[in-house]
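The next block holds one structure in the form of structure tokens; read it before the comments.
Computation of the quantities below employed the complete heavy-atom set of this structure, encompassing side-chain atoms and omitting hydrogens, waters and symmetry-equivalent molecules. Proteins come first, then strands; the chains are lettered A, B, ... in the order of their sequence lines, and each starts at number 1. Quick caveat, the model's predicted, so the values are computed rather than measured.
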Protein chains: 2
Amino acid sequence: MIGFSILAKTKRILKWQRDPEGMRLRILEAAKQEFAAHGIAGARVDRIAAKAGANKRMLYYHVGKKDELYLAVLEGAYEKIRVEERSLDLEHLDPPKAIARLIDFTWNYFIRNPEFLALLNTENMARARYLKRSTKVKSMHSPFVEMISTVVKRGVESGDFVVNVDPIQLYISIAALCFFYLSNSATLSVIFGRDLLSEDARDERLEHMIALVLAALTGKSMAVFGKQKAPKLRVAAHSGVG
Amino acid sequence: MIGFSILAKTKRILKWQRDPEGMRLRILEAAKQEFAAHGIAGARVDRIAAKAGANKRMLYYHVGKKDELYLAVLEGAYEKIRVEERSLDLEHLDPPKAIARLIDFTWNYFIRNPEFLALLNTENMARARYLKRSTKVKSMHSPFVEMISTVVKRGVESGDFVVNVDPIQLYISIAALCFFYLSNSATLSVIFGRDLLSEDARDERLEHMIALVLAALTGKSMAVFGKQKAPKLRVAAHSGVG
DNA sequence: ACAGTATTTATCCAACGGGTTAATTAATAC
DNA sequence: GTATTAATTAACCCGTTGGATAAATACTGT
């Protein structure tokens, strides 16, 4: 690496330095951006190299060919979200708050990691061909299903929840509400003729989703939902805003 | 066109016939399949030609270059769903039934037209670059927002609905619940280790979605939702099953 | 200081893929 | 029947792109 665009005469200074781990990380990061932005077929190996400040040969040396690069990126993406998911503690919250927090986390994670959405879409267009091949990802179970399961159980027992929903269905539904809105915001914004990613629009959406799910679970709906803008009920957004 | 793989000696029979309109349709259909399966960058012009039983030159003659081919496909896809949407009559149904029917339609349309989902994903990966360019699509408004608006109004007046939800948010949420499940079924199936597209799984999902939304709107949730399999409540599936 | 290895650079190339050009043939009009 | 136009075929062009090969340079241990 080391992009000395300024020519330094001294041989000593011109010389590049070694940094295998750093290089590998930069390559994977660049690849993530590239695959997320262009999909597998649209991704360009040369662009990845350029973005990583590396020579193209480095990709093959440190990771592998295009396929393998993509798989590494995909696995990294799953790894990352699983780690963050595990850090979410819903046990000590009362059931409605726990669900709200779950939605809030999912929403903000997606907002903070738009490449993750793109990668999932790409992988689904490939009919999960790479995911199937990856024992690594298959072994990384999301803790959310289990978390939801216990929260729902507690909610039913305490009388907070009036229904006994299948945790997997609920998990998918929450992901769906967040994912679709963000993943399809480009086309939806055109169709509706307004910016769905503005701060206000996003706040409104989060409110709507929480109200919708909680209303369904508790039976007690807050009179009007999704329309007005109440004071932000930021339910413990996660650390970084990256 | 006319793929005589069998060699017919007679000159008369060997000769190709003209069929501009048919050719154009076959090209667009082939292109739809190709773009849906591989995205824009992954699509191969030669494959489209082959699938259409045409010469590559025909694509350029009848439609245009790759870009234009894609845009034509996208516009066709929107046109098609808008037409079907308009054929849906929710006016004479009582509000809960109307919402259920709306969900049912959306769900089944997506199942019958998987390419539509793929095209939308592709277009969103392109940040709606083509949609923005298309005055055609932008002029084709979905009647659903208006329909939902009146249904919700009626529901609130009749007392069926206890909340006054923003119709656009509800529209997006319903689309989200259906879209995400189907669009991401490949990866979700791997993650959960079971086939989410089996007949049973699909029925279960439809039930869950309807129960979820209606519970939120009416405040009256059916005791257990999403878990058991009640007798199919097929709410007037649309004609073809694609 | 030097040998050996790990990392990085500098070129190269064969296949692919989108798009074009020119020739051929069917329908249509006269 | 013949000229004209519309549709279709066949062949080619050329920039792009993934991947490979070989050479150079920085570290490491001795």
Item checked: Interatomic distance, A/M23 CE vs C/dT8 C1' [rounded to whole Å] -> 7 Å

Note to self: Closer than 3.5 angstrom, by distance alone: can the side chain of A/H141 be matched with the main-chain N or O of A/S139 as a donor-acceptor pair?
What the structure shows: yes

Note to self: Strictly distance-based, threshold 3.5 Å: is any side-chain N or O of B/S149 a donor or acceptor partner for the main-chain N or O of B/V145?
What the structure shows: no

Checklist line | A/D19 CG - C/dA6 P separation (whole Å) | finding: 17 Å

Produce the list of close N/O pairs, under 3.5 Å, pairing protein atoms with atoms of nucleotides 28-30 of chain D; give distances to one decimal.
none

Next item on the list: Using atom CG of A/D46 as one end and atom C1' of C/dC12 as the other, report the distance to the nearest whole Å.
Entry: 13 Å

Checklist line | Contact list for residues 120-134 of chain B, test salt bridge (charged side-chain N to carboxylate O under 4.0 Å, His left out), sequence neighbours left out | finding: none

Margin query: Going by salt bridge (Lys or Arg N to Asp or Glu O under 4.0 Å), name the residues that satisfy it together with B/E146, two or more places apart in sequence or in a different chain.
Written below: none

Next item on the list: Could you say whether A/R57 or B/K56 is positioned toward the 5' end of DNA chain D, judged by the nucleotide with the nearest heavy atom to each?
Entry: B/K56

Next item on the list: Figure out the CG/P separation between A/N55 and D/dA24, and round it to whole Å.
Entry: 15 Å

Next item on the list: Take the C1' atoms of the five end pairs on each side of the helix from C/dA1-D/dT30 to C/dC30-D/dG1, get both axes, and report the angle to 10 degrees.
Entry: 10°

Show me the side-chain donor-acceptor pairs of residues 178-191 of chain A shorter than 3.5 Å, one per line, residues at least two apart or across chains.
residue, atom, partner, partner atom, Å
A/Y181, OH, A/L196, O, 2.8
A/S183, OG, A/N121, ND2, 2.7
A/S185, OG, A/L182, O, 3.0
A/T187, OG1, A/N184, O, 3.2
A/T187, OG1, B/N124, OD1, 3.3
A/T187, OG1, B/N124, ND2, 3.1
A/S189, OG, A/S185, O, 2.7
A/S189, OG, A/R194, O, 3.4
A/S189, OG, A/L196, N, 3.2

Notebook entry, point to check: For DNA chain D, which residues in residues 33-44 of chain A have a heavy atom at a distance below 4.0 Å?
Noted result: A/A43, A/R44

Checklist line | Distance (rounded to the nearest 0.5 Å) between B/I172 CD1 and A/F192 CZ | finding: 4.5 Å

Item checked: salt bridge (charged side-chain N to carboxylate O under 4.0 Å, His left out) contacts touching residues 44-63 of chain B (sequence neighbours left out) -> B/E34-B/R47, B/E34-B/K51, B/D46-B/K56

Margin query: Restricting to side-chain hydrogen bond (donor to acceptor under 3.5 Å, both in side chains), what partner residues turn up for A/E85, sequence neighbours left out?
Written below: A/R82, A/S142

Checklist line | N/O donor-acceptor pair under 3.5 Å between B/S134 side chain and B/Y130 backbone | finding: no

Check: Tell me: CZ of A/R24 to C1' of C/dT8, nearest whole Å?
Finding: 17 Å

Checklist line | B/K66: partners by side-chain hydrogen bond (donor to acceptor under 3.5 Å, both in side chains), with sequence neighbours left out | finding: none

Check: Does B/E68 have any side-chain hydrogen bond (donor to acceptor under 3.5 Å, both in side chains) partners at least two apart in sequence or in another chain, and if so, which?
Finding: none

Note to self: Which residues pass the side-chain hydrogen bond (donor to acceptor under 3.5 Å, both in side chains) test with A/K80, not counting sequence neighbours?
What the structure shows: A/N113

Check: Would you say B/K138 has more than 12 foreign heavy atoms packed within less than 6.0 Å of its NZ?
Finding: yes

Check: Going by heavy atoms closer than 4.0 Å, what residues in residues 58-68 of chain B are next to DNA chain D?
Finding: B/M58, B/Y61, B/H62

